[in-house]
Protein chains: 2
Amino acid sequence: MLDPFVQKLRGLAELTAIDAAALERIMSHPHRYAARQDLIREGDETGPMFVILDGWACRYKILPSGTRQIMAFLMPGDACDLHIKLLAKMDHGIQALTPAVVARVSQDDMHAVMQNHRSIALAMYSAQLVDEAIMRAWIVSMGRRSSIERVAHLMCELYLRGRTIGLTQDGEFAMPLSQIVLADALGMTPVHINRVLRELRLDGAMSLTRGSVTISDPHKLARIAGFDENYLHRRTRHIAEMTPQAR
Amino acid sequence: MLDPFVQKLRGLAELTAIDAAALERIMSHPHRYAARQDLIREGDETGPMFVILDGWACRYKILPSGTRQIMAFLMPGDACDLHIKLLAKMDHGIQALTPAVVARVSQDDMHAVMQNHRSIALAMYSAQLVDEAIMRAWIVSMGRRSSIERVAHLMCELYLRGRTIGLTQDGEFAMPLSQIVLADALGMTPVHINRVLRELRLDGAMSLTRGSVTISDPHKLARIAGFDENYLHRRTRHIAEMTPQAR
DNA sequence: TAAGCATATTATCTTAAATCAATTCGAACA
DNA sequence: TGTTCGAATTGATTTAAGATAATATGCTTA
């Protein structure tokens, strides 16, 4: 398995083979989680940094009313919470959405690697800045976009993120999120998500089936979303490459 | 003027007088901005780190439709964008909401100070983690809270943040945000914000007047908001101290 | 292969918040 | 000391999305 973490960081900084080897060393002995299993819960003492190697997870919070809000999706290659040990307790939970393989890296190991490998540190800090930009984009979506724009925008984001780590093939995207999960992320009801997905399908923009998204018309989807990929801060622009026929 | 930046970081880590002096050194020569003036605009090349010394600012984005979404409020003591130079361009703007005094710290200066003052580095990383937690709390609010809960939640957050840097006195809070600005932050219309504020006033929870908030019943306000202060990761709990008569 | 259960789908009805439209208020200033 | 202009307030109407409910579909697994 080509390490998706190394693959992702390579999109943010130049990593040598030596850097990559150092990363792989601290990520040996990954743990397996079942779908719906918590990696860590709200209120738990903060622990190691997690790196998702396979499968998807999310950050989430359950409100007193019982409703859930998902605040971030974590896909292979994503790391969470560099420096988290500085805080005492988790203010939210992290849960596997599919069966997942996750490395747990101690603060000390990570610190040592970043000290000895300058470009890893740069890549990690860049990744954190991009994660913050993604959160801001979610705030913009929830505040000022209609439901169809919001769904389209999230799909554009996830497609481009998935592309970096090889989850896409032409307009096909391996995305294992149920409509219920999407609803919890977008602050909508599953019923309404379903209606919006039908509209996007009839529009010929995209269609979602169990475990997979087909982007039929990337430009239409991006237009509906008002999508501007700048916030993902990739080295090269990719919207054009969302087109199935582009190579 | 007691430096609000030092005051804030002291809430996150133990700083010696020497640490404080080092911070003050790199923040000499602050700039003045008028209300509505941009510190930096979306699309601009990334610049120095900003530290708000006086006044309020916000991170914002203008959508193609012309609507604005505010993604964060910056008050005295808040720093933005440690490491920002790793990214090429700003994906959002930062604008003064009131006349403001802002220090601009170069990446190199900040790096040097963090190298030589371990506790400053720890405080800065903690501050960044708290900023991320605040963004996540905003996502939760926008996704799953009603308009009255959202307004109440934001007020609780700002009150506690303002408290750290001395903007509050008993139940009185110097908060210079107009209803239009609040609307842009909460993803609502100014008209609806106004209706919600009336409801909160009639409820006896809080009332907002030009430049100032009076928290009449902190516990009621926190109850309406479903407010749980854990995400602000303060050393001590403060909700009780929101009560005017508490010392 | 049938049962069970989560997920998806569709229709109907309700509601929270947006939109539209006037005023009113109040600080800045000419 | 009246004028001006942005901000605040209130009412009437519309609408996007929620709530409810009734199937349908399709994996799992017994």
Side-chain angles (χ1 to χ4, degrees), chain A residues 34-37 56 58 63 65-70 95-99 141-154 175-203 206-214 224, chain B residues 34-37 56 63 65-70 95-99 141-154 175-202 206-214 224:
Chain A
R36 287 161 201 274
Q37 193 180 350
W56 288 51
C58 69
L63 295 191
S65 65
T67 58
R68 176 171 76 157
Q69 178 66 42
I70 288 174
Q95 182 171 92
L97 292 168
T98 67
S141 271
M142 314 208 70
R144 294 294 184 206
R145 282 193 248 262
S146 70
S147 56
I148 192 170
E149 293 166 344
R150 240 185 294 174
V151 170
H153 199 276
L154 179 63
M175 202 230 33
L177 307 178
S178 71
Q179 296 182 12
I180 292 171
V181 167
L182 292 175
D184 281 344
L186 293 169
M188 300 163 55
T189 56
V191 171
H192 197 59
I193 287 274
N194 187 275
R195 286 191 279 246
V196 166
L197 287 174
R198 178 179 48 187
E199 196 177 338
L200 286 168
R201 184 167 6 98
L202 296 179
D203 260 18
M206 57 159 280
S207 71
L208 181 147
T209 54
R210 185 151 187 74
S212 167
V213 177
T214 307
I224 291 171
Chain B
R36 289 162 199 272
Q37 194 179 350
W56 289 49
L63 296 191
S65 65
T67 59
R68 176 172 74 157
Q69 178 66 44
I70 288 174
Q95 182 170 93
L97 292 168
T98 66
S141 271
M142 313 208 71
R144 294 296 184 205
R145 282 192 248 263
S146 70
S147 56
I148 192 170
E149 292 167 344
R150 240 184 295 172
V151 171
H153 199 277
L154 179 63
M175 202 228 36
L177 306 178
S178 70
Q179 296 181 12
I180 291 172
V181 167
L182 292 175
D184 281 344
L186 293 168
M188 299 163 54
T189 58
V191 171
H192 197 59
I193 286 273
N194 185 274
R195 286 192 274 250
V196 166
L197 287 173
R198 177 177 50 185
E199 196 177 339
L200 286 168
R201 183 168 6 97
L202 296 179
M206 59 158 279
S207 70
L208 181 147
T209 54
R210 183 148 187 78
S212 166
V213 177
T214 307
I224 291 171

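So you know, we letter chains A, B, ... as the sequences are listed, proteins then strands, and number each from 1.
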Say whether, by atom type as modelled, one donor and one acceptor occur between the side chain of Gln69(A) and the main chain of Ala185(A) under 3.5 angstrom. yes

Calculate the interatomic distance between Asn194(B) atom CG and dG11(D) atom P; express it in whole Å. 11 Å

I would like to know whether Val151(A) and Leu186(A) meet side-chain contact (heavy atoms from CB on, under 4.5 Å); could you show each step before the answer? CA-CA 7 Å; Val151(A) 170; Leu186(A) 293 169; 3.7 Å; yes

When we call it a touch if two heavy atoms are under 4.0 Å apart, what does Thr189(B) touch: a base, just sugar-phosphate, or nothing? base

Just to be sure I understand the rule, does Arg198(A) reach a base, reach only the sugar-phosphate, or reach nothing, if contact means heavy atoms closer than 4.0 Å? sugar-phosphate

For the pair made of CG in Leu208(A) and C1' in dT25(D), what is the distance, rounded to whole Å? 15 Å

CD1 of Ile148(A) versus C1' of dA16(D): gap in Å, rounded? 12 Å

Trace of the side-chain contact (heavy atoms from CB on, under 4.5 Å) decision for Asp184(B) with Arg144(A): CA-CA 9 Å; Asp184(B) 281 344; Arg144(A) 294 294 184 206; 2.9 Å; yes

Against Val196(A), only a single residue in Met188(A), Arg201(A), Glu149(A) fulfils side chain to side chain contact (heavy atoms under 4.5 Å, CB included); can you say which? Met188(A)

Stepwise side-chain contact (heavy atoms from CB on, under 4.5 Å) test for Leu200(A) and Ile148(A): CA-CA 8 Å; Leu200(A) 286 168; Ile148(A) 192 170; 3.8 Å; yes

Tell me the interatomic distance from Asp184(A), atom CG, to dG18(D), atom C1', rounded to whole angstroms. 14 Å

Distance check needed: dA8(D) P versus Leu197(B) CG, whole Å only. 9 Å

For Val191(A) and Gln179(A), what are the C-alpha separation, side-chain angles and deciding distance, and is it a side-chain contact (heavy atoms from CB on, under 4.5 Å)? CA-CA 9 Å; Val191(A) 171; Gln179(A) 296 182 12; over 6 Å; no

To the side chain of His192(A), which of dT9(D), dA17(D), dA7(D) is closest? dA17(D)

Could you tell me how far apart Gln179(A) (CD) and dT25(D) (P) are, to the nearest whole angstrom? 15 Å

Atom pair distance, as rounded to whole Å: CD in Glu199(B) and C1' in dT10(D): 15 Å

With a strict under 4.0 Å distance from non-hydrogen atoms of chain B, what nucleotide opens and what nucleotide closes the contacted stretch of DNA chain C, reading 5' to 3'? dA17(C) to dC20(C)

For Arg195(A) and His192(A), does a side-chain donor sit closer than 3.5 Å to a side-chain acceptor? yes

At under 4.0 Å between heavy atoms, what does Gly187(B) touch on the DNA or RNA strands: base, sugar-phosphate, or nothing? sugar-phosphate

Rounded interatomic separation in angstrom, taking CZ from Arg195(B) and P from dA7(D): 19 Å

